[in-house]
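To start, the structure under review is shown below, and the notes come after it.
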Amino acid sequence: MKKISILFSIICLISACKGPQTVTKPKVDENIEHEVLISTDMGDMVVKLYNSTPQHRDNFLKLVNQKFYDSLLFHRVIQNFMIQGGDPESKNAAPGVMLGNGDVGYTIPAEFVDSLFHKKGSLCAARTENPTKASSGCQFYIVQ
């Protein structure tokens, strides 16, 4: 199994996300890996999505293709831990507004794969505490 990884060189304090853009076709070809460009004011990141977590891959690509992430903020930045984005309430949010509770009204079932683990650069789906360990339908984080 391949590990989820992301290639990037960016400083830890990212202030805003201009939004992922992709040339990926809406129909997912399960034989290829998909890459998504995330452009920010602080630089670009290329996110690789692998086939070992197909429900998360397909959902992320769907939201990218719908331009859902365009102009959203990285609303949670914890140095040497992670940066989190994907809250739809962060678009045009006023300074000082509490963010992190926005969602798309659904969750993604857990797709735990023993060979995948958190390491620097990993793209992960955010989740709240819930008995089924389902992931947020839109919020994600990148391990620092």
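Quick note: numbers below take in every heavy atom, side chains included, and nothing from hydrogens, waters or symmetry partners. Everything numeric in this text was worked out from a predicted model, so none of it was measured.
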**Item:** 4.5 Å side-chain heavy-atom contact, Leu116 and Thr53
**Value:** yes

**Message:** I need the Leu49 CG to Arg57 CZ distance, nearest 0.5 Å.
**Reply:** 8.5 Å

**Message:** Just checking Tyr141 against Phe74, ring centres under 6.0 Å apart?
**Reply:** no

**4.5 Å side-chain heavy-atom contact, Asp103 and Gln139** = no

**CG-CG distance between Asp58 and Leu63, expressed to the nearest 0.5 angstrom** = 11.0 Å

**Prompt:** More than 12 non-hydrogen atoms from neighbouring residues, nucleotides or ligands closer than 6.0 Å to CG on Asn130, yes or no?
**Reply:** yes

**Prompt:** With a 4.5 Å heavy-atom cut-off, do Glu89 and His75 have their side chains touching?
**Reply:** no

**Message:** Could you check whether any side-chain heavy atom of Met45 comes within less than 4.5 Å of a side-chain heavy atom of Ile142, counting everything from C-beta outward?
**Reply:** yes

**Request:** Over all heavy atoms of both residues, which pair between Gly86 and Cys138 is shortest? Give the atoms and the distance, please.
**Result:** O-SG, 3.3 Å

**Prompt:** Are Leu37 and Asp44 close enough, and set up right, to give a side-chain contact (heavy atoms from CB on, under 4.5 Å), and what steps lead you there?
**Reply:** CA-CA 7 Å; Leu37 174 67; Asp44 293 343; 3.7 Å; yes

**Request:** Please list, chain by chain and in numerical order, all residues satisfying ring pair (Phe, Tyr, Trp, His ring centres under 6.0 Å) with Phe68, sequence neighbours excluded.
**Result:** none

**Message:** Strictly distance-based, threshold 3.5 Å: is any side-chain N or O of Asn65 a donor or acceptor partner for the main-chain N or O of Leu61?
**Reply:** yes

**Asked** CG/Asn80 to NZ/Lys120 distance, rounded to the nearest 0.5 angstrom?
**Response** 8.0 Å

**Shared hydrophobic cluster for Val64 and Tyr106 (ILVMFWY, side-chain gaps under 4.5 Å)** = yes

**Message:** What's the separation between atom CG in Leu99 and atom CG in Asp87, rounded to the nearest 0.5 Å?
**Reply:** 5.5 Å

**Prompt:** Is there a side-chain contact between Lys48 and His34, using heavy atoms and a 4.5 Å cut-off?
**Reply:** no

**Message:** Taking atom NZ as the centre, does Lys62 end up with more than 12 heavy-atom neighbours from other residues, nucleotides or ligands that are less than 6.0 angstrom away?
**Reply:** yes

**Request:** Calculate, to the nearest 0.5 Å, the distance between atoms CD1 and CD belonging to Ile83 and Gln144 respectively.
**Result:** 6.0 Å

**Prompt:** Which is it for Thr107 and Ser135 under the side-chain contact (heavy atoms from CB on, under 4.5 Å) test, yes or no, and what are the steps along the way?
**Reply:** CA-CA 5 Å; Thr107 58; Ser135 301; over 6 Å; no

**Message:** Quick check on the hydrophobic clustering: are Val143 and Phe112 connected, directly or via other members, by side-chain heavy-atom contacts under 4.5 Å?
**Reply:** no

**Prompt:** Once you round to the nearest 0.5 Å, how far does CG of Asn92 lie from OG of Ser71?
**Reply:** 7.0 Å

**Message:** Side chains of Ser136 and Thr128, heavy atoms from C-beta outward: is any pair under 4.5 Å?
**Reply:** no

